[in-house]
Amino acid sequence: MGDTTYQTTTELYLAHPDVPPSFNAMDVKQAQTLPFCGETATFRVIGNSHAVTADSLGFHEICSCKPISEQDAEVIPLEQGCTDSLASPHGVSSMAMTLPLSEFDPEADYDLCYKFGPRAYTAITTDDRTFETYHTYPEHDLLVVTTTSITQYWAPTTI
């Protein structure tokens, strides 16, 4: 029988940093590069949640159940009925909502899906301008769904 213990956390942190996060110190469980906004983005399930980088768009997102150093990180309480949002000046918006754990279907068709333990998953689906992530927290009987949309293309400026 596998390990049935879970990391106990009470908050999820979501940010759109200006630079890509360093993956050297992250436990990357799965990674896949997929078409996104006419370019490509690399979607990663990490040991603490997810990270997305689209360098050609200047877009980066990190979501973690451990505090992150980004000043503008949105803190999402892990409790039933929460809805929160994060918008960037670059035409990116993210919405997070919490649902009962029973709303998660581990058999659905995800682009990435990693099982950390019994009923503990991180999954990601993508389309042209939007991606959704699903994070399950069995210890809270909770599913956190984030939806991130890019409404305009932009490229980083170099000086």
Side-chain angles (χ1 to χ4, degrees), residues 6-7 9 11-76 78 83-99 103-117 119-138 142-159:
Y6 305 99
Q7 176 182 357
T9 186
E11 297 173 325
L12 196 61
Y13 303 86
L14 179 66
H16 297 147
D18 291 332
V19 296
S22 170
F23 294 102
N24 293 338
M26 291 186 190
D27 180 14
V28 178
K29 302 293 189 184
Q30 286 184 340
Q32 188 167 357
T33 300
L34 300 166
F36 188 63
C37 291
E39 300 288 336
T40 59
T42 301
F43 297 84
R44 294 172 180 87
V45 174
I46 59 175
N48 298 323
S49 206
H50 79 264
V52 178
T53 54
D55 292 331
S56 62
L57 296 172
F59 170 74
H60 317 286
E61 177 174 283
I62 187 162
C63 185
S64 177
C65 56
K66 290 184 178 179
I68 54 179
S69 61
E70 302 304 321
Q71 288 182 344
D72 296 328
E74 192 64 37
V75 179
I76 303 158
L78 294 179
T83 302
D84 214 334
S85 62
L86 173 67
S88 81
H90 303 295
V92 177
S93 62
S94 294
M95 172 73 78
M97 66 179 163
T98 60
L99 300 167
E103 295 291 317
F104 180 73
D105 178 4
E107 302 300 320
D109 187 23
Y110 302 106
D111 293 302
L112 286 92
C113 185
Y114 186 82
K115 183 176 183 179
F116 291 92
R119 301 176 14 158
Y121 292 86
T122 293
I124 301 172
T125 61
T126 67
D127 67 23
D128 183 52
R129 296 171 87 77
T130 302
F131 61 89
E132 289 189 328
T133 68
Y134 306 85
H135 307 275
T136 64
Y137 294 89
L142 196 68
L143 166 64
V144 178
V145 178
T146 70
T147 303
T148 299
S149 299
I150 294 183
T151 58
Q152 66 187 30
Y153 297 163
W154 81 95
T157 53
T158 56
I159 297 176

Identify the heavy atoms of Y13 and K66 that sit nearest to each other, and give their distance.
CD1-O, 3.3 Å
Would the number of heavy atoms belonging to other residues, nucleotides or ligands and lying under 6.0 Å from CG of D27 be above 12?
yes
Does any non-hydrogen side-chain atom of I124 lie less than 4.5 Å from one of Q32?
no
Sequence neighbours excluded, the answer for salt bridge (Lys or Arg N to Asp or Glu O under 4.0 Å) partners of K115 is none
Is it true that the side chains of S149 and S93 contain a donor and an acceptor less than 3.5 Å apart?
no
Evaluate the side-chain proximity of R44 to T53: yes if any heavy-atom separation is below 4.5 Å, no if none is.
yes
Hey, does V92 have a side-chain heavy atom less than 4.5 Å from the side chain of T148?
yes
Roughly how far, to the nearest 0.5 Å, is OG1 of T125 from CZ of F131?
10.0 Å
Taking the side chain as everything from C-beta on, heavy atoms only, tell me whether S94 gets closer than 4.5 Å to L14.
yes
Quick one: pull up CG in L34 and CG in D127 and give me the separation to the nearest 0.5 Å.
11.0 Å
For the residue pair S64 / S49, report whether a side-chain donor-acceptor contact shorter than 3.5 Å exists.
no
Kindly indicate, with the supporting measurements, whether the criterion side-chain contact (heavy atoms from CB on, under 4.5 Å) is fulfilled by F43 and D111.
CA-CA 9 Å; F43 297 84; D111 293 302; over 6 Å; no
Spatial distance of atom CD (E132) from atom OG1 (T147) [nearest 0.5 Å]:
3.5 Å
Excluding sequence neighbours, so at least two apart, what forms ring pair (Phe, Tyr, Trp, His ring centres under 6.0 Å) with F104?
Y110, Y121
Heavy-atom pair of closest approach, residues D128 and G38
OD1-N, 3.8 Å
Answer whether the closest heavy-atom distance between the side chains of E74 and T146 falls below 4.5 Å.
no
Quick check on the 6.0 Å ring-centre criterion: do H16 and F59 meet it?
yes
Side chains of T136 and R119, heavy atoms from C-beta outward: is any pair under 4.5 Å?
no
In Å, rounded to the nearest 0.5 Å, how long is the span from NZ of K29 to OH of Y114?
4.0 Å
Just so I know, are the side chains of L57 and F36 near enough to count as touching, which here means a heavy-atom distance under 4.5 Å?
yes
Under 3.5 Å, side chain of N24 to main-chain N/O of M26, donor-acceptor pair present?
no
Could you tell me if the side chain of F116 sits less than 4.5 Å from the side chain of V45, heavy atoms only?
yes
Looking only at non-hydrogen atoms, find the nearest pair between T42 and A31 and report the distance.
CG2-CB, 4.4 Å
What do the steps show when you test V145 against M95 for side-chain contact (heavy atoms from CB on, under 4.5 Å), and what is the final call?
CA-CA 8 Å; V145 178; M95 172 73 78; over 6 Å; no
Aromatic plane relationship, H135 with Y137 - under 30° parallel, 30 to 60° tilted, over 60° perpendicular:
tilted
